Each structure stands twice: as C-alpha cells, then as structure tokens.
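What follows is a short report on a single structure.
Ligands are counted one by one from 1 in listed order, and the atoms in each one are counted from 1 as well. This one's a predicted model, so the numbers in the text were calculated from it and none came from an experiment.
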Amino acid sequence: MLVKCDPLRPDPDVVKRAAEVLRRGGVVAAPTETVYGLFAHAYSEAGCRKVFQVKRRPMDNPLIVHVDSVEMAESVAYIPPELRDILRRVWPGPITVVVKSRGVLPRCVTAGLDTVAVRAPAHPIPLAIIRELGVPIAGPSANRAGRPSPTTAEHVLEDLGDEVDLIVDGGPTFFGVESTIVDVTRTPPILLRPGPFTVEELEKFFGRIEVPPVARGLAEADVALAPGMKYRHYAPETPLVIVHFDLEEAVRLLEARGLRVAVLCVGKCPKAKHTIPLGGDLYEAAKNLYDALRRLDKLGVDIGVVPAVEERGIGLAIMNRLRKASGHREARRPEDLAAIVK
Ligand code: TXA
Ligand code: MG
C-alpha cells in the first residue's frame, strides 16, 4: 500500500496511520533526508523481525534506531555528557553514532551486540511518526539486501513491493546516500561509514577521527568494526569500473573492444551511446547515484564506467559507494582497463 505525503508538512492522517501500522507490529517504508528506511516500532520484536524478513537481511546485521531527540536516544543508550552536547548540535541530521546500549530493545535490533546505532533523522515525516508513537523506530534502508539503497518510493516498490505494510511516498530523498556512521565508543572515534556529514565537519566536533581503509571502501570487511560491512552492497548486475584517467579515452578503449558501454558522468559527459548524467557537482552526484546504478542495469550494456572523484567532503561517501558497487574494479591507467576486461 502506497500513500503520498508532503515531505515538508506531513499529513497528520498519514502519520497516524503509519504509527498504527507500527504499533500493530507492521513495517512502514518512509523517506529520511538520506535514503528511504524500512521501519518498525523499536520495542516490537515482531515488527523488527519483519524488517529482517522483508528485506532478506541477515540477522547478524543490526538496525539503526531512529529517535526524535537526544533524550529519546538516552532511553535506549548510554550517552556520555560530552556526546550529549555534541548531539544537541548535530541532530537532527545524517549522522549515526554507535554507543553503549541499555539493552532495553529486542535483541534482534542490535543483533545481540552491546552497542546500538542511533540517529535523529532531519526529515519531517519520520520525525512526526516517532513523535506520534513516543518511542524510537528501528530500521535499515528500505532496499532488498544487496541492492542499492532506495532514494524514491518507486525504488522501494521495485525491491519490496507489497511485502511492506505501508509505503509513505514523500518524493525523492535529499542527500541520496546513507548517514555517516561513527563509533564513538572508541578513542579516537572511528568512521564506520562515510556519509553526508563529512569527516571535515565531524572533526570540528570530535577532534581527530580515525578513517580506516574499509570506510573508504578499500578493504574488505573487518567484521569486528561493523557487522554490515561484511555483506556485499550496492552491486549492480552490470560490471562497473571506476576510472581515474580521461573518461573519454576509457570509453574509446572499451568500445574498440566491441563492448557496449554506459558512462556515469559528473559535470560534462563524454560522447558515448549511453550516458547517465549524475549532475553538475558532487552533492547532485550523491543524490542521483543509486538511481543511476539501478538504471545502469536496465540499459542492457556490457559495462559501466564512472569517474573517480576526490575523496574529501561528500566525495569520500561517493567513492566508498562506488568501490562497493564496482566490486573494487578501479582503472588507474589505461593499461588497467585492458586487464579488467581481458
Ligand atoms: O541514512 C541511513 O543511515 C539510513 C536511514 C534509513 O536512516 N539507514 C541505513 O541503514 O542506511 P543500513 O541499511 O545501512 O543499516 C544500518 C547500518 C549497517 O551497516 C549496520 O551494520 C550498522 O548500521 N550498525 C547498526 N548497529 C551497529 C552497531 N551497534 N555497531 C556497528 N554498526 C552498526
Ligand atoms: Mg542499507
């Protein structure tokens, strides 16, 4: 069931209906400022289990607990006083912190860990739903496990269809990539996933942040850091290569081998039969990225190419997603391309 909802002034009837579904142990897909989430009442064991089931998410990959305030976060987690002050300044927003859990939620929410990931989304729809319920809502991105995260209600429908009790269509999401995740139980805090809240901004609040290779999408999972990292993510069916040299040259080389090529481009697109423009700047590119990956698979081409972007600001989040989507295929020089497609 899909209902439209104004993202800026959520219809109170839609909010009440969503809350009712959640109270009964159902699941609701709704936008956040990052991507669409698949939510359950955080205290409903049945609802939270249903999230895993509908998404086909392995049970050892915990959910994010979404709250409307630092006070609500304190009802499920221990928040040290210094962190409380920081969260009051950065929330609501695309920043998730991993903190010590109070152990009050169903075990499946945290996959049995003694920590919990919490965030206050900067989006009127989930905030209104949380306020209506008076308790947090737990959920991951509303995609089928292994697919790109959904940035529109159509993406949710495409992946999960009628297995979701209610899809609230609030239009396309604002940032288009998932929240930044920082584990603040460690000193220095460690970046688990780069997102719209950049490392440069984080460091203004937390001091030095450790950025492990896995957060850049370089290394394979270190399971000890974050359970979700060991799973394959954002992978289109069509092979995708990140190109660090002239994109036009890459297209020429691949086409010369008789391959049908699609180009994902930032700014000016090179001449090619299939182009998927990501936008003029990196924020637009982030916003359009997952839709572009979904479109890539529908073109029926042999290979997709995408330019490498600078790993700072939102660019770090983009490169992390691209590395996962490409299965770490990166061509630094033209010769690398030949080896990749051989
Ligand atoms: O922007 C977002 O974060 C979106 C919206 C819906 O809020 N949510 C999202 O959730 O993208 P998702 O599908 O990425 O799942 C939550 C991630 C997983 O990678 C999981 O492993 C990690 O958070 N996570 C959850 N609890 C954790 C914990 N206690 N320690 C480390 N990582 C944790
Ligand atoms: Mg996800």
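Taking the six-membered ring where the residue is Trp, Tyr283 and Phe175 present tilted rings, their angle falling between 30° and 60°.
With ligand atoms numbered from 1 in the order given, ligand 1 contributes 18 (C), 20 (C), 21 (O) to contacts under 4.0 Å with heavy atoms of Asn61. Numbered from 1 in the order shown, with element, the atoms of ligand 1 that lie under 4.0 Å from a heavy atom of Val35 read 4 (C). The Arg193 neighbourhood of ligand 1 comprises atoms 2 (C), 3 (O), 9 (C), 11 (O), 12 (P), 14 (O), with distances under 4.0 Å to a heavy atom of that residue. Atoms of ligand 1 lying under 4.0 Å from at least one heavy atom of Gly37, given by number and element, are 6 (C). Atoms of ligand 1 lying under 4.0 Å from any heavy atom of Leu63, numbered from 1 in the order shown and given with element: 25 (C), 26 (N). Contact atoms of ligand 1 toward Thr34: 1 (O), 2 (C), 4 (C), 5 (C) (distance under 4.0 Å to a heavy atom of the residue). Near Leu192, with a cut-off below 4.0 Å to any heavy atom, the atoms of ligand 1 are 31 (C). Close contacts between ligand 1 and Leu113 involve ligand atoms 28 (C), 29 (N) [criterion: under 4.0 Å to a heavy atom].
Of the N and O atoms on the side chains of Thr238 and Asp297, at least one donor lies less than 3.5 Å from an acceptor on the other residue. Counted by atom type alone, Asn143 and His155 present zero donor-acceptor pairs between their side chains at under 3.5 Å. No side-chain donor from either of Thr34 and Ser179 sits under 3.5 Å from a side-chain acceptor of the other. For the residue pair Arg321 and Ser149, no side-chain donor N or O sits within less than 3.5 Å of a side-chain acceptor on the partner.
Residue Thr32 places no N or O, backbone or side chain, under 3.5 Å from any N or O of ligand 1. Among the atoms of Tyr36, none of the N or O lies under 3.5 angstrom from an N or O of ligand 1.
Among Arg57, Lys100, Glu178, the residue whose heavy atom lies nearest to atom 15 (O) of ligand 1 is Arg57. Closest to atom 23 (O) of ligand 1 by heavy atom, among Val98, Asp114, Ile181, is Ile181.
Under a 4.0 Å heavy-atom criterion, Asp183 is not in contact with ligand 1. Residue contact annotation: His66 has a non-hydrogen atom under 4.0 Å from ligand 1.
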ring-ring contact (aromatic ring centres under 6.0 Å, His included) evaluation trace for His66 with Phe39: CA-CA 9 Å; His66 297 74; Phe39 298 113; 4.9 Å; yes

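Counting only residues at least two apart or on different chains, the disulfide bond (SG atoms under 2.5 Å apart) pairs with a member in residues 254-307 are Cys265-Cys269.
Between Ala18 and Leu166, the shortest heavy-atom contact is CA-CD2, 3.7 Å.
In this view, Cys108 satisfies the disulfide (SG to SG under 2.5 Å) rule with no residue, not counting sequence neighbours.
Within the coordination shell of the Mg ion (ligand 2), defined by N, O or S atoms under 2.8 Å, Asn143 is absent.
For the side chain to side chain contact (heavy atoms under 4.5 Å, CB included) test with Ile125, the passing option among Ile130, Asp169, Val168 is Val168; the others fail.
Both the backbone and the side chain of Thr115 come within contact range of ligand 1, each with a heavy atom under 4.0 Å.
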